[in-house]
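Working notes, structure below.
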Protein chains: 2
Amino acid sequence: MSRFAHKPVLELADAHAQGLHSIGEAAKITGVSAKMIRHYETLGLVKPTDRTYANYRVYQTRDIHLLRFIKSGRDLGFSMKQIAILASLWQDSQRSSAEVKKLALEHISDMDERIKSLQQMRQALSDLAAQCHGDNRPDCPILDGLACTHKH
Amino acid sequence: MSRFAHKPVLELADAHAQGLHSIGEAAKITGVSAKMIRHYETLGLVKPTDRTYANYRVYQTRDIHLLRFIKSGRDLGFSMKQIAILASLWQDSQRSSAEVKKLALEHISDMDERIKSLQQMRQALSDLAAQCHGDNRPDCPILDGLACTHKH
DNA sequence: CTAAGGCTTACCATCGTGGGAAGGTCAACA
DNA sequence: TGTTGACCTTCCCACGATGGTAAGCCTTAG
């Protein structure tokens with residue numbers, strides 16, 4: 001019953017024949033887990049174009065590109081909210097690159113803050129650790145530092 | 001009915017008279033929210049010594065110290081699991097400072113990894129942003145970079 | 001036909017924190 | 001005395017991104 005059905009793809013075999021992808025294939029291709037692909041769908045980010053008779057999700061090349069776009073965004077540390085905005089800009093031919101750059105710079109400064117905060121924690125702890133003998137005795141400047149309401 | 005009841009503190013007034021603290025006071029003193037103080041109790045970290053007749057939590061100086069210890073640990077980026085261990089070491093006179101130092105060094109190297117990862121993301125994004133004009137035109141190297149499965 | 005493995009939905013867990021509801025208690029003031 | 005407002009109690013829900021698991025259907029290879 002596959003025949004030459006054209007618009008609504010009806011069977012998995014048809015889908016494959018047309019270069020379309022099941023969720024598992026999309027996952028392998030893009031590096032986004034099937035779990036996450038479904039999750040992004042609930043967020044309204046990636047809607048599969050069709051379903052097979054058996055209710056399987058069917059993805060087109062366009063969807064694959066979008067998933068890769070999302071993955072790259074995550075790899076760069078953008079939140080899903082930011083990625084949703086970026087994806088809509090990506091698909092908007094009327095966008096201005098200034099909008100995108102603004103988001104990017106904001107995210108960079110977020111990361112700068114997080115880096116700075118981590119470095120400060122790291123330094124403070126490392127200072128304490130440097131004073132600690134690390135032997136069998138119980139005396140421990142690290143614990144003392146934690147107990148003494150360090151700086152504030 | 002307050003009188004001179006000694007052991008189980010019965011009323012809030014008694015508690016105050018004995019230098020004990022309600023959860024709200026403990027929160028103000030330690031900088032840990034009442035919400036979190038209750039949460040730490042469910043984690044088995046800080047059990048109030050007593051309750052008043054009205055079932056209010058009553059904290060002793062020892063508990064205040066412990067809350068401050070926890071807060072310092074959080075400020076240094078330790079997880080609650082790590083803090084639970086550190087707190088038990090803190091209260092264990094038989095501890096060896098080596099145990100504490102080991103935890104600290106592990107945490108430092110965790111932070112180092114996170115810092116490095118953030119710095120890499122920051123650098124990659126910043127490289128893309130540097131190529132972006134940020135004007136009214138839609139051409140955008142940032143979006144191009146996200147779309148083109150950047151590096152992997 | 002059967003067994004393996006992919007797909008579906010739906011629910012729960014993480015981790016630390018905050019918010020809110022519904023109800024009891026305390027302190028101060030009229 | 002009564003009221004009011006601030007505080008306390010427990011219980012449940014939310015975030016963000018991801019993983020896990022279970023029960024049940026579908027597909028495909030043998």
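Being a predicted model, the structure only gives us computed values, none of them experimental. All chains are named by letter (A, B, ...) in the order of the sequence lines, taking the proteins before the strands, and each is independently numbered beginning at 1. Below, each value reflects all heavy atoms present in this structure, side chains not excepted, and no hydrogens, waters or symmetry copies.
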- Whole-Å distance separating the CD1 atom of A:I83 from the P atom of D:dA17: 8 Å

- Query: In whole angstrom, what separates A:E41's CD from D:dA17's C1'?
  - Reply: 17 Å

- Message: Between C1' on C:dG5 and CD on A:E25, what's the gap in Å once rounded to a whole number?
- Response: 14 Å

- Measure the CG-OG distance between B:L143 and A:S72 for me, rounded to the nearest 0.5 Å. 11.0 Å

- Message: Tell me the interatomic distance from B:I23, atom CD1, to D:dA6, atom P, rounded to whole angstroms.
- Response: 19 Å

- Query: CG of B:L66 to CZ of B:R68: how many Å apart, nearest 0.5 Å?
  - Reply: 11.5 Å

- Message: Rounded to the nearest 0.5 Å, what separates atom SG in A:C132 from atom CG in A:L125?
- Response: 10.5 Å

- Message: Measuring from atom CD of B:Q94 to atom CG of B:L89, what distance do you get when rounded to the nearest 0.5 angstrom?
- Response: 12.0 Å

- For the side chain of A:Y56, counting heavy atoms from C-beta on, which of C:dT9, D:dT10, C:dC7 is nearest? C:dC7

- Query: Starting at CZ of B:R57 and ending at P of C:dT25, how long is that distance when rounded to a whole Å?
  - Reply: 15 Å

- To the side chain of A:K35, which of D:dC8, C:dG18, D:dG20 is closest? D:dG20

- Per the end-axis method with five pairs at each terminus, what is the bend angle of the helix from C:dC1-D:dG30 to C:dA30-D:dT1, to 10°? 30°

- State, to 0.1 Å, how close B:M111 and A:L118 come at their nearest heavy-atom pair, and which atoms those are. CG-CD2, 4.1 Å

- Item | Rounded distance (Å) that lies between atom P of C:dT8 and atom CZ of A:R51 | 6 Å

- Item | Distance, rounded to the nearest Å, where B:I37 contributes CD1 and D:dT10 contributes P | 13 Å

- Do any side-chain nitrogens or oxygens of B:T52 fall under 4.0 Å of OP1 or OP2 in C:dT25? no

- Rounded off to whole Å, could you give me the CZ-to-C1' distance for the A:R38 and D:dT21 pair? 13 Å

- Task: Verify the neighbour count for atom NE2 of A:H16: are there more than 12 heavy atoms of other residues, nucleotides or ligands below 6.0 Å?
- Result: yes

- Message: Taking the six-membered ring for Trp, are B:Y59 and B:H21 closer than 6.0 Å centroid to centroid?
- Response: no

- B:S22 vs D:dC7: side-chain N/O to OP1/OP2 distance below 4.0 Å: no

Close N or O pairs between protein and nucleotides 13-16 of chain C (under 3.5 Å):
| from | atom 1 | to | atom 2 | distance (Å) |
| --- | --- | --- | --- | --- |
| C:dG16 | OP1 | B:M80 | N | 2.7 |
| C:dG16 | O3' | B:R74 | NH2 | 2.9 |

